[in-house]
Structures are given as C-alpha cells and as structure tokens.
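Only heavy atoms go into these numbers, but all of them, side chains included; no hydrogens, no water, no symmetry mates.
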Amino acid sequence: MFVSLLITLFVTLSSAVFGYDEAEIVFVGDAMQHQSQIDAGRTGKSSYDFSTCFDDVVEYIGRADFAVVNLETPIGPPPHTGYPSFNAPSEFVDALKDAGFDLFLTANNHTLDRGARGLRSTIRELDARGLAHLGTYGNDSSRHDALPMIFDINGIKVGFLNYTYGTNGVEPRDGVVVDYIDRATIKADVEASRKAGAELVAVCIHWGDEYRLLPNASQKHTADFLEAMGVDMIIGAHPHVIQPIEFRTNRYMPDKKVLLVYSLGNFISNMKTTDTRGGALVRVLLERGDDRKARLKLADYRLLFVIPGTSPKNNYRVMPVDSVKADGWRQKSIDFSRRARDIYERHNIGVSETR
C-alpha cells in the first residue's frame, strides 16, 4: 500500500513539474432546427422537449474536456420556424447544454435570419444559461469585452475565434456585430489571442460551397493564410456535408502541427439527401510535454447519423453511424457512411476513424 501511494505521488508530482498534461476537445457541425424538428419537439402551444435528441452521443461529448457546436439558428420567441428563416425555441439550447457542449458558435449565414432582434435574443438565451458563445455580439463594446476568448482546458490555454463568409445578404443593423471572414480582422484577433496567453488557437470558420464533398479554392487559400499565421486548429462548417480532414506538420512552421477540418457536416438537421444525413464528430487530443510546450497530439473522427422523429417521445436522434438499426434507416446510414468514408480514405491526411 505504501509503495502504491509513493508511485501515485511520484506520478502526480511528475505531471505537475514536468507538465504531462492532456486535454480532449471535440467539435461537431451544424446544429439546425428545420420545421419538422420543431414540430416533433412540441409538447404544448409554446413548449418543447428535445431532451432525447442526443442521448446516443452524449457519452462522446460529455467525456471530452471541452465540446464545441455550431448553433445554426437564431433562438427567439414565437413564431418558431425552420428554413429559410430559422428561429428555434430555447429548449433546443437546453438540450445541447445538457448534452455537454461548452462553446456555441454563432457566426454563420443564418445568424441574422431574424435580424438584430433575433441575434440579440440568441445571445440573451445563451447568457441566461451561462453558456459561452462566440462570433456575434450585441454591439462593438460586447465584442471588445468578449475577445480574446481563451479557455483553460486542463491547464492548456486555448483561444477560440469564429467567422462566417456572409449572412445570406442580410446586413447587420442597430449596432449588432457579426464576425465576417476578413483577413485583417482575423490576423489582429489571432495576434491578440497569442498576446493574451493563448498557447493554441482554434479558428472555427463558416465557409465553402453547400453540398460539395471537397473544398473549393477559396477554402484552400483561406486555410493556407491561417496556417501561415500558426493557427493550430482550423475547423470548418457550412457545406452541410463532410469534407476532408488533415492532421499534419504546419508547412510554414515545422515545429507545429495543424488540424484542418474543411467541413464537419451536419450535427442535427432534417436535410434529406444521402450526404446531408449526418456529419462527423472530430476529436483532438492536446498535450504538454516535458518541454512545457502545448501541442496537438492526435486527431480522429466518428461518423454520426440523424434519424428523424415525429414527437418528443420519438424525436430526432443523433447516433453513431454504425449503431443505426432502425428499419428503413439502416441502409440509408450505410449509404451515408460509404460515401463519407470514401472521401476520407482518399483525401484525409493523418486522421483515422474511431470505431
């Protein structure tokens, strides 16, 4: 017993002194609310329940040290509607919070679907639940106060940033701020994050062409710009389908690794084509070695699939793709995974699937 205690004490002290820290972050794609999802969650005239939607994946989210989701809908008062002008009930946020998400990304092309009022309502609902959010702000002062946004994740300081290519032609009004993809702004924000103590920086970015399984030239050029600045994690969304993942040495800084996810696909939605039925959960493991430097250690992914529902007791469910057994959906999940795995096998670099 005494020897066991000595070993435990030695390991603990070694970790503290030499810095063998590790942290796990997971990223998922677009959390959407189409009209059929809203209808399925309805429990009364103005009440909803989405609490079972994430039961099958909560273990992967909850056991991570930090989890990030793209909230691709405003959260506001009735009327609650799906595409093309999204506005989801606050119970959707409750379900995502209960699933274990720590950071909600709000810079996307639908963030102004309900204008400045909808943007501010979303922020209020997230703030009321004590949830961190990034990418949109009620005014310039709020952005100044929020950034740099740095989280201490198991002793590793990680800065997060979030930008979108656009907002479907709707301009910000009444003083609200949306972080658009602008190289001068991004450069200043990354530098500010580093200066404020971020050891690693993650840029979560809404970009690309919808429904295309490979990145376009603009994505590649922007990724190259971010990599040249030393951004450690480049996490993409918007295409509503998966796109390739790269985990490799930074081409400009050989002592650094970079994780590049061109698109995570959908986390939950009611999109109906084969490629839009699901997406990927990407996990990245961070470490601090005996040189006291924080770095990326490894990255992998897990494919997820969405099964539609019709009521709160039989609601939409996000599931690991290989666990889908329901009649009528098993073959669809196989078709989705076959196409996704084909893309990953042909184009991924240094990233494999967790089975």
Side-chain angles (χ1 to χ4, degrees), residues 21-31 61 64-71 100-108 131-136 143 146-164 179 181 183 185-208 219 222-238 243 245-250 252-253 256-264 267 279-288 293-301 350-351:
D21 305 340
E22 288 191 343
E24 180 182 312
I25 304 177
V26 297
F27 297 90
V28 302
D30 304 330
I61 299 162
D65 299 304
F66 199 81
V68 183
V69 61
N70 177 48
L71 181 64
F101 288 106
D102 301 287
L103 177 60
F104 288 67
L105 308 174
T106 57
N108 56 66
L131 295 168
H133 53 88
L134 182 64
T136 59
R143 186 185 195 275
L147 298 181
M149 185 172 287
I150 300 172
F151 294 89
D152 187 318
I153 307 174
N154 282 9
I156 298 175
K157 292 181 172 59
V158 183
F160 289 86
L161 296 164
N162 180 211
Y163 307 93
T164 181
D179 276 345
I181 298 171
R183 292 195 175 192
T185 299
I186 294 172
K187 184 175 186 294
D189 290 344
V190 170
E191 290 174 351
S193 295
R194 297 287 191 195
K195 186 175 181 180
E199 299 172 280
L200 302 171
V201 174
V203 171
C204 303
I205 189 162
H206 214 71
W207 61 359
Q219 285 171 276
T222 302
D224 188 67
F225 162 73
L226 295 171
E227 184 178 351
M229 282 195 301
V231 171
D232 302 276
M233 291 165 275
I234 305 166
I235 312 296
H238 174 62
Q243 290 182 344
I245 308 170
E246 301 177 7
F247 181 66
R248 53 174 171 74
T249 299
N250 185 307
Y252 302 91
M253 304 175 187
K256 289 174 64 71
K257 292 284 189 180
V258 61
L259 172 64
L260 170 55
V261 182
Y262 278 111
S263 175
L264 289 160
F267 178 53
L281 178 151
V282 170
R283 179 179 74 112
V284 56
L285 190 64
L286 317 178
E287 67 173 356
R288 186 191 302 285
K293 292 183 179 180
R295 58 176 62 88
L296 308 187
K297 182 178 181 179
L298 63 85
D300 53 25
Y301 70 90
V351 181

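Ile186 has its side chain within reach of Met229: a pair of non-hydrogen atoms, C-beta onward, lies under 4.5 Å apart. Met233 places a side-chain heavy atom less than 4.5 Å from the side chain of Val158.
The main-chain N or O of Ala67 is found under 3.5 Å from a side-chain atom of Asp102 such that the two form a donor-acceptor pair. For the pair Asn162 (side chain) and Asp179 (backbone), a donor-acceptor distance under 3.5 Å is absent. Of the possible donor and acceptor atoms, one in the side chain of Trp207 sits under 3.5 Å from a partner among the backbone N and O of Tyr262. Between the Arg194 side chain and the Glu199 main chain, a donor and an acceptor come within less than 3.5 Å of each other. Of the possible donor and acceptor atoms, none in the side chain of Thr249 sits under 3.5 Å from a partner among the backbone N and O of Lys257. Judged by distance alone, with hydrogens and angles left aside, the side-chain atoms of Asn108 form no donor-acceptor pair with the main-chain N or O of His238 at under 3.5 Å. Formation of a donor-acceptor pair under 3.5 Å by the Asp232 side chain with backbone atoms of Ala202 is not found in this model. The main-chain N or O of Ala198 is never found under 3.5 Å from a side-chain atom of Ser193 such that the two would form a donor-acceptor pair.
Residues Leu103 and Met149 come closest through the heavy atom pair CD1-SD, 3.9 Å. Nearest heavy-atom pair, Gly100 versus Ile61, reported as atom, atom and distance to 0.1 Å: C-CG2, 3.7 Å. Across every non-hydrogen atom of Asp65 and Glu24, the tightest pair is OD2-N, 2.8 Å. Across Ala23 and Asn154, no two heavy atoms sit closer than the pair CB-CB, 3.9 Å. Shown here for Asn70 and Ala237, the closest heavy-atom pair between the two residues is ND2-CB, 4.3 Å.
Tested against Ile234 for a side-chain contact (heavy atoms from CB on, under 4.5 Å), the candidates Asp224, Leu259, Val258, Val201 yield a single pass: Val258. Just one residue in the list Asp30, Val28, Leu264 forms a side-chain contact (heavy atoms from CB on, under 4.5 Å) with Val69, and that residue is Val28. None of Val351, Leu298, Ile25 except one satisfies the side-chain contact (heavy atoms from CB on, under 4.5 Å) rule with Arg283; the exception is Leu298.
Ring planes of Phe267 and Phe101: perpendicular class, angle over 60° (limits at 30 and 60°). The aromatic rings of Phe151 and Phe66 sit tilted, their planes meeting at an angle between 30° and 60°.
Taken from CG in Leu161 to CG in Leu105, the straight-line distance is 10.5 Å, to the nearest 0.5 Å. The line from CD1 of Ile205 to OG of Ser263 is 12.0 Å long, rounded to the nearest 0.5 Å.
Shown here is Lys157, whose NZ atom has no more than 12 heavy atoms of other residues, nucleotides or ligands within 6.0 Å.
With sequence neighbours excluded, the residues forming a ring-ring contact (aromatic ring centres under 6.0 Å, His included) with Tyr301 are Tyr344, listed by chain and number.
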